[in-house]
Amino acid sequence: MPDNNIIDAQQPSALPEIPLTPTDAGQAPLPDGVIEETIEAGLRALHHDPEIAAFLIAMRQELPPFWTHLPRERMLGYGGIEDEWVPMCGPLRIEALTRDGSGRNWGRRIRFLDRDGQLRQETISEADILGKPRSVCAQLISAGLAIEGNRNDIIELIRRWPAVARILSVSRPGWMAETDVAPAYLLPDGKLLSAEPQRGETVELIHARSAVPPSGSLDDWKDTVGCLAVDNPALICAISAVLAGPLLKHAGIETLGLNLHASTSSGKTTALIAAQSCIGPPALDRWNATNTALELVCERAHDGVLMLDEFPAQPSPAIIEALYMIGNGTGRARGNRKLTLEETAHWRTVLLSTSEKPIERILADVRIRMPEGIGVRLIDIPARSWEFGLFRTLHGHGSGHAFAEALQQAARQHYGHVLPAFVQRVIAHQGLLRETLPLMIERLRTLMLAAVGLPPNAKEGPVLRVLNRLALIAAAGEIGSRLGILPWRKGTATSALVEIAGIWHRAHAARPPSTAEAMVARLAGYLRQNRHRLCPPGTEPDPDAIGWCDARWIYLGIEAFRTDIASGMPASLAVQLLADAGLLVPGGEQRSFQYRLPRCVDPDRARVYRLDRQRIEGG
């Protein structure tokens, strides 16, 4: 059987035979310092990986009394001066004590060599070390640590290890809590961006995304993806939205969502890929995930951007809970085995999404009503608003498809530079940014109000809240340009977002009602314009008539209701909204909201929708 010991006496670089204990027969003991220097030199010589050699050297220097490293056995041993050294477990070291931002949930970061000689690490809670020694040892064994000795002795070794370093474990990326040190921002891969060191403390992101090295350079990205976005408002908007993520905190906005909707092959996914290149490689999450999974990706996108491709065409009712969760920036409340509530996840994020139809329309098709508040936070933008779908300018490419391919190829080659560079510049100018950003948003919102035909002193409402979010995106793009991160001239992002604000507002004004109040407003406006088409009871109906009316009721014909009142939406949803508003009064049939006219009104007793005239005209 081959000898797999760390130190092989037959290898030229093996450690010399030296007395490791005072009881070695026939040899005079060497001074401790000489022994350690010899062993450390041997460890460095034998390990091609300097990280493993450094780990073993640091471990040996920190071992508590009566513990020693047995190199040939790849084990730590324990025993007194007069006792035989007993192998206990594989090489390990307590690197640091860990805790969360509130100073609770302390633990120990254990680094060790597994049975394959690879460095591993585990974080063990202090509570488990004290109360569940069997579980702690089971966790370490499962992770690859060899354990041969008594578990209580090993737990005692872990507890007595002289750990000095500290690790602050945080559950989400984004801006660190306000402290007396410089502002700091944690990227989703766990990299900390700060103008000053965090007082020697290591900050660690729990469940960080796997770090993917950036590709290309920032200048390469600007010359390719950034330049291809010029004169394409939707691309400018998507890229600027990525930079809006770190500005949410300064703008006082919790959630900002954009949904690009159009049929296939319009460039929606290409826009998300271009935006994703600001952060990392073009890999997109999708809507078809469980609500728990969506909650996790939302928390990972705190103070950043979340991209979800392809909203389902046949959504389940659970999608409303997901929309509420994302829009409100709050996860589910959960209990634990102790019958106490765990801390609820919270986040600020920018959401970029795609779908084939407006999300409000998709939900209406399956008879799910989208609350007005969600429509403000998740803004539907028609993607086919330009000459080539989502693109206005192809920059010399022969077709929209060829342009999309070139843009995606550039995003695959140059990524991961824009957002980190932007955050570093924001940190350097944070004081100035806090003062100027609200003024920029107010000025840009005023431009958008003028573009959609509203006065600058328009009252607070859904339209103003949407324009406020679009103004933040425009401000992010302008700041990115002025800081040299984006290769666009001053005013490029402003022009693009003002245009998009106009596109959104036209679509918003033409959209079917989604609330009872909006449905009542549509009905009232329709009846004001078509009052002359309502016949008195008992008269021969005009071919152009839409129904009948008397002093108490308006009897609207089914065809007029479905064609005009319920235009663009399922008739059943329009009926339900008017019933909720108390305007539609059914005729008493168990399964129908329709009313059968009495003969004094219509000899043929046609079916109609009976509406409360007094409430309509009184409102």
Side-chain angles (χ1 to χ4, degrees), residues 317 320 358 360-376 458-463 465 507-619:
I320 281 290
E360 187 175 3
R361 179 75 58 82
I362 293 174
L363 297 179
D365 288 346
V366 294
R367 301 186 179 184
I368 299 175
R369 273 190 280 171
M370 182 171 175
E372 186 74 22
I374 295 179
V376 170
K459 294 181 179 180
E460 180 68 26
V463 172
R465 293 199 293 272
H508 175 77
R511 84 197 197 289
S514 61
T515 64
E517 293 78 7
M519 195 71 231
V520 170
R522 174 185 273 199
L523 174 67
Y526 175 78
L527 291 176
R528 281 195 300 270
Q529 295 177 2
N530 294 276
R531 184 181 301 275
H532 61 284
R533 299 171 65 189
L534 293 171
C535 301
T539 61
E540 186 72 21
D542 187 276
D544 194 39
I546 58 173
W548 297 261
C549 70
D550 56 27
R552 181 72 180 84
W553 306 104
I554 293 174
Y555 307 102
L556 192 61
I558 292 176
E559 182 63 28
F561 185 91
R562 291 177 176 173
T563 303
D564 300 328
I565 303 301
S567 175
M569 62 191 299
S572 59
L573 179 57
V575 167
Q576 186 63 56
L577 290 174
L578 291 174
D580 292 346
L583 298 187
L584 191 150
V585 182
E589 297 181 6
Q590 186 174 4
R591 297 184 179 181
S592 176
F593 278 92
Q594 296 176 3
Y595 174 77
R596 196 174 186 87
L597 286 170
R599 295 188 185 279
C600 62
V601 177
D602 176 33
D604 296 330
R605 301 200 65 192
R607 285 185 174 274
V608 295
Y609 288 103
R610 182 171 61 169
L611 305 169
D612 190 328
R613 179 175 180 177
Q614 294 178 356
R615 293 194 64 176
I616 294 173
E617 296 178 350

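Along the sequence shown, residues are numbered consecutively beginning with 1.
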### Task
I would like to know whether Gln614 and Arg552 meet side-chain contact (heavy atoms from CB on, under 4.5 Å); could you show each step before the answer?
CA-CA 6 Å; Gln614 294 178 356; Arg552 181 72 180 84; 3.7 Å; yes
### Message
Run the side-chain contact (heavy atoms from CB on, under 4.5 Å) test on Leu597 and Arg607 for me, step by step, so that the C-alpha distance in whole Å, both residues' side-chain angles and the decisive distance to 0.1 Å come before the verdict.
### Response
CA-CA 6 Å; Leu597 286 170; Arg607 285 185 174 274; over 6 Å; no
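Under the 3.5 Å distance criterion, the side-chain polar atoms of Arg605 are left unmatched by any main-chain donor or acceptor of Pro598. One N or O on the side chain of Arg615 and one on the backbone of Gly582 form a donor-acceptor pair closer than 3.5 Å.
The CD1 atom of Ile546 sits 14.0 Å away from the CD1 atom of Ile558 when rounded to the nearest 0.5 Å. Once rounded to the nearest 0.5 Å, the distance linking CH2 of Trp548 with CD1 of Ile554 reads 13.5 Å. Atom CD of residue Glu617 and atom CZ of residue Arg528 lie 10.5 Å apart, to the nearest 0.5 angstrom. Here Leu611 contributes atom CG and Leu583 contributes atom CG; the two are 7.0 Å apart, rounded to the nearest 0.5 Å. Leu556 contributes atom CG, which lies 11.5 Å from atom CZ of Arg562 (distance to the nearest 0.5 angstrom). The CZ atom of Arg533 lies 6.5 Å from the CG atom of Asp564; values are rounded to the nearest 0.5 Å.
Looking at heavy atoms from C-beta onward, Ser567 lies in side-chain contact with Arg522 at the 4.5 angstrom threshold. No side-chain heavy atom of Phe561 sits under 4.5 Å from any side-chain heavy atom of Val608. Trp553 is listed as a side-chain neighbour of Val585, based on a closest heavy-atom distance under 4.5 Å. In this structure, Asp580 and Met519 have side chains that are not in contact, with every pair of non-hydrogen atoms separated by 4.5 Å or more.
Scanning both residues, Ile616 and Leu527, for their nearest heavy atoms gives CD1-CD1, 3.9 Å. For the pair Cys535 and Ala545, the tightest heavy-atom approach, listed with the atom from each and the gap, is SG-CB, 3.5 Å. Scanning both residues, Leu584 and Ala579, for their nearest heavy atoms gives CB-N, 4.1 Å. Arg613 approaches Asp550 most closely through the heavy-atom pair NH1-O, 2.7 Å. Residues Pro537 and Cys549 approach most closely at CD-O, 3.1 Å, considering heavy atoms. Contact record, Pro586 with Ser592: CB-O, 4.0 Å, taken as the closest heavy-atom pair.
For Tyr595, there are no side chain to side chain donor-acceptor pair (under 3.5 Å) partners at least two apart in sequence or on another chain.
Note on Arg599 versus Asp604: no salt bridge recorded, every NZ/NE/NH1/NH2 to OD/OE distance being 4.0 Å or above.
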